[in-house]
Undergrad: 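If you scroll down you'll find the structure; I have some questions about it.
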Amino acid sequence: MKSIENTNFNGRKVLLRVDFNVPVDENKHVTDDTRIVEAMPTINKLLKDGAAVIIMAHFGRPKKGGFEPEFTLQPVAKRFEELLGKPVLFTQQLLGSGVPEQMARDLKSGQVMLLENIRFYPEETKGGEDLARQLAALGDCYVNDAFGAAHREHSSTAVIAKFFPNDKYFGFLMEHEVTNLEKLMHNAPRPFTAIIGGSKVSSKIGILESMMNKVDNIVIIGGMRYTFTKALGGKIGNSICEDDKLDLARDLMRRMDEKGVKYYLPVDSVIGDKFSNDANTQIVPSGEVPDGWESMDCGPESCRAIRDIIMNSKTILWNGPAGVFEIPAFAKGTSEIATYVAEACKQGAYAAVGGGDSVAAVKQMGFANQMSYVSTGGGAMLEYLEGKVLPGIKAIQD
Ligand code: ADP
Ligand code: MG
């Protein structure tokens, strides 16, 4: 792996791609700066070496082409400056105006500049080579630390790398992600359990198919398990279900059986008569949800069974909440599972948690630092575990 670790960047102008796509509130204050914080080790290493650092990042999904006030990186620049403890050079002027170009030329060792939202250039998401060339001209080497965008073949995440055939590197965050994901992909200590949940089977087909070739157990939780329950003839009331995926669910279960992978579907469910915290609730067997009721979480008996599976595992991958954890009344299953996974880690198991909502849940419940590894990439992590080649990673390795 071409890491920045063993390279000295003294006197160099480094083009660094990061994932600064953070949430902001209506007053344009960054509400969660995790992604900025996580890029700091790489930035600090480059600055300590004596590099000048030119940062490329995207923010939201601007569509118009050109500057849009709603999507400016200005609020991010402000928070970044606070974390860095020194000025960040930033301009809302775009490339071609000459302003960022001049700023880059004048940039000195130890200085940092941030380019305005890279998605203001419509070419970026198309992987345009002209934009990549324009960006490449600003610096003399390329470091990619944007794992969250590594599954995209964009100008700043992948295409730009070709202009630095001998001078392209992974940042620390990227390296950490790849090292950890590789642990799950190859020779993970057994028993290996994948806990897969979330709202839709359709978004988890790839990871289920990939994991069934690697693991001993698959625990299927969240809303998506109701497609499986219905496929098995259960009554699911108003629970979330993808009716066009019933055959697929049957096929997945058949293939897991064939491969000798044990899959577990929760036996009981917490159901509600509406999708809110003041819903009436009851606990019923999973395949016996009455009409007018909707399953929102897994029940206590299921939690006990899942605990046994987790405590008997040496490797655990968890993606997808067990229930509608955003509503406190239905967060129990997810918080229980977080407790068990943390317990397993204390006993020496290796556990990885990934997925936008899963990571949010684990953080909100205070378990993030008790897991072996929490991925910063949602889609990127899923695609990696599906066995796909991520363009942002390949571009550095080629
Ligand atoms: P991740 O982002 O971690 O990959 P997903 O996006 O697949 O996870 O799924 C997260 C969503 O699944 C959450 O918003 C949660 O409310 C929802 N969910 C979990 N269980 C249920 C359920 N029983 N009914 C409806 N939605 C559910
Ligand atoms: Mg999600």
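In each ligand, atom 1 is the first atom listed, and ligand 1 is the first ligand listed. Quantities reported herein were computed from a predicted structural model and do not represent experimental measurements.
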Undergrad: Quick test: of every protein heavy atom, which one is nearest to atom 6 (O) of ligand 1, and how far off is it to 0.1 Å?
TA: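 Looking only at protein heavy atoms, the one closest to atom 6 (O) of ligand 1 is Asp357 OD2, 2.9 Å.
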
Undergrad: Only heavy atoms of Met296, strictly under 4.0 Å: list the atoms of ligand 1 that pass.
TA: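 It comes down to these atoms of ligand 1: 23 (N).
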
Undergrad: Please indicate whether Asp243 has more than 12 foreign heavy atoms, meaning atoms of other residues, nucleotides or ligands, lying under 6.0 Å from its CG.
TA: yes

Undergrad: Any atoms of ligand 1 less than 4.0 Å from a non-hydrogen atom of Ser295? List them with their elements.
TA: 22 (C), 23 (N), 24 (N)

Undergrad: Among all protein heavy atoms in this structure, tell me which lies nearest to atom 19 (C) of ligand 1, with the distance rounded to 0.1 Å.
TA: Gly323 O, 3.1 Å

Undergrad: Would you indicate which of Ile207, Ile240, Val324, Val362 comes nearest to atom 27 (C) of ligand 1 when only heavy atoms are counted?
TA: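 Closest candidate by heavy-atom distance is Val324.
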
Undergrad: Check whether the side chains of Glu124 and Ser156 place a donor and an acceptor atom closer than 3.5 Å, and report yes or no.
TA: yes

Undergrad: Do Tyr169 and Asp167 meet the criterion of a side-chain donor-acceptor pair at a distance under 3.5 Å?
TA: yes

Undergrad: Distance to 0.1 Å, residue and atom name: give those for the protein heavy atom nearest to atom 15 (C) of ligand 1.
TA: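 Here the nearest protein heavy atom works out to Glu326 OE1, 3.5 Å.
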
Undergrad: Which of the numbered atoms in ligand 1 are under 4.0 angstrom from any heavy atom belonging to Lys204?
TA: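 The atoms of ligand 1 under 4.0 Å from a heavy atom of Lys204 are 4 (O), 5 (P), 7 (O), 8 (O).
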
Undergrad: Salt-bridged, Arg79 to Glu82, with N to O below 4.0 Å?
TA: yes

Undergrad: Which option, Asn319, Val353, Ile327, owns the non-hydrogen atom nearest atom 4 (O) of ligand 1?
TA: Asn319

Undergrad: What is the closest protein heavy atom to atom 21 (C) of ligand 1, and at what distance does it sit?
TA: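 Checked against all protein heavy atoms, atom 21 (C) of ligand 1 sits closest to Gly223 N, 3.2 Å.
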
Undergrad: Does a side-chain N-to-carboxylate-O contact under 4.0 Å join Lys214 and Glu386?
TA: no

Undergrad: Does atom CD of Glu153 have more than 12 heavy-atom neighbours, drawn from other residues, nucleotides or ligands, at distances under 6.0 Å?
TA: no

